[in-house]
Protein chains: 2
Amino acid sequence: MFSNSSTHQGLSWAAERHRFIEAGGNTSHAFGLGRMIGRAYAMLYLATSPMSLDEIAATLRVSKASASTVLRQLASWQAVRQIWVAGDRKDYYEAETDFAVILKEGLMPGVRKKLQTAGTQIEKTLQSSTQKASATPANEEVSPADQAEIRRRLRSAQQLHQRLDKVLGSKLLARFL
Amino acid sequence: MFSNSSTHQGLSWAAERHRFIEAGGNTSHAFGLGRMIGRAYAMLYLATSPMSLDEIAATLRVSKASASTVLRQLASWQAVRQIWVAGDRKDYYEAETDFAVILKEGLMPGVRKKLQTAGTQIEKTLQSSTQKASATPANEEVSPADQAEIRRRLRSAQQLHQRLDKVLGSKLLARFL
DNA sequence: GGGAACGTTCAAAATTTTCTGAACAATGTT
DNA sequence: AACATTGTTCAGAAAATTTTGAACGTTCCC
């Protein structure tokens, strides 16, 4: 009578896996990494044996092109390992289940690079703001008091940047995960 | 002869400010927060007196509608304070320059909520995976060994989630900023 | 009350990002 | 050599996000 496979309260495993995958997608999306990344990783995280590109694409209902792209992204973050099976031309993938590795080796460098870009700009602006003191055109400009305040702020931003970078680079963080 | 205001190497302050603002936009964008957020905050960060909505919109070359939206977002993160000037109907805004406040009061709750969503799903899937042991339809399904492995992984994910949430909630973090 | 000055909301437009199918390169098979 | 299989790339399509202009609600002033 019931076409549904599980007879009472619980959802079927297939359905639950699907929810897990979508939740993974939502999470990665919420953190600005794109929805596919999380979906693909979540799927492999629940897979007990390596999956081929085709299987992955089919499971996620996505083109092979998308799968290829997202897997290479995940691999570049060490979130996924590529497995070669002897006598099989397909590429197989499995999830790295050690989050410490992914965060430390994969994600952190990217985060630090982004912060570095910001830090460089702060530095430049700070320089411009100090040098300006003498080179200001008679033109209507920023008052000396305001200049001082701006420099104070920029230095404070710089300080935060440095502290943050240091913390992210320290193994203290790695030990926490 | 030279229309440019600064005579040698340095860029004009206006130009440098522009670069700073755009860099702010790029940074917030890189972290998945949208480009406007960073632009607006960066601008106010360099402003030594509160700015009205119109001034902000004009400086960022953006509609008043956008400015209104982005400022409310920033205000909800405590990244910006609203200032009322007596006898002036305009709203004025100034940047919160204390990053600890912004991170702790503004950004962190959002991050934790996102993590919470993920955590809830892990919990659900874990439950489904344990309950399933008995309720599995005779159907082709996951082997007991694989089930055990999946549960192991889910518990590990749950553990990470809990540790992360704890760290983010602790004032230890706040003290670092 | 009529009108001006502001900020907000929302449907639609503009833009950016993501996804796909087709073409291709590389490798193996018959 | 011709063909199959597999993964990648890329221009264009599709989808999601952001931005806007116009309509609206308030508040204040005359």
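Sequence lines set the chain letters: A, B, ... in the order given, protein chains first and strands last, and positions in each chain run from 1. The structure presented is a predicted model; accordingly, all values stated were derived computationally and were not measured.
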Over how many whole Å does the gap from [X] atom [atom1] to [N] atom [atom2] extend?
X       : N      : atom1 : atom2 : answer
B/Lys64 : C/dC6  : NZ    : P     : 8 Å
B/Tyr93 : C/dT8  : OH    : C1'   : 10 Å
B/Leu33 : D/dT17 : CG    : C1'   : 14 Å
B/Ile37 : D/dT19 : CD1   : C1'   : 14 Å
A/Gln82 : D/dT6  : CD    : P     : 15 Å

Salt bridge or not between A/Glu22 and A/Arg19? Use side-chain N to carboxylate O under 4.0 Å.
no

Between B/Lys90 and B/Asp54, is there a salt bridge with N-O shorter than 4.0 Å?
no

On DNA chain D, more 5' by nearest nucleotide between B/Met36 and A/Asp88 is A/Asp88

Go nucleotide by nucleotide along DNA chain D from the 5' end; which of A/Thr69 and A/Lys90 gets its closest nucleotide reached first?
A/Lys90

Of B/Tyr92 and A/Gly87, the one whose nearest nucleotide on DNA chain C sits closer to the 5' end is B/Tyr92

Any donor-acceptor N/O pair under 3.5 Å between D/dT5 base and A/Arg89 side chain:
yes

Phosphate-side-chain proximity, [X] and [N], N/O vs OP1/OP2 below 4.0 Å:
X       : N      : result
B/Ser66 : D/dT20 : yes
A/His29 : D/dT17 : yes
B/Arg72 : C/dT9  : yes
A/Ser68 : D/dT8  : yes
B/Arg35 : D/dT19 : no

More than 12 foreign heavy atoms under 6.0 Å from CZ of A/Arg153: is that the case here?
yes

For the NZ atom on A/Lys104, are there more than 12 heavy atoms of other groups (residues, nucleotides or ligands in this structure) within a distance under 6.0 Å?
no

Name every residue in residues 48-62 of chain B that has at least one heavy atom under 4.0 Å from any atom of DNA chain C, in order of residue number, or write none if there are no such residues.
B/Leu53

Taking the side chain of B/Asp91 as heavy atoms from C-beta outward, which of D/dT19, C/dG7, C/dT20 is closest to it?
C/dG7

When you measure from the side chain of A/Ala65, which nucleotide among C/dT8, C/dG21, D/dT19 comes out closest?
C/dG21

is_close_aromatic(A/Tyr41, A/Tyr93), centroid dist under 6.0 Å:
no

Shortest non-hydrogen contact from A/Ser52 toward A/Glu55:
N-OE1, 2.8 Å

Can you tell which of A/Leu44, A/Val80, A/Asp91, A/Ile83 makes a side-chain contact (heavy atoms from CB on, under 4.5 Å) with A/Pro50?
A/Ile83

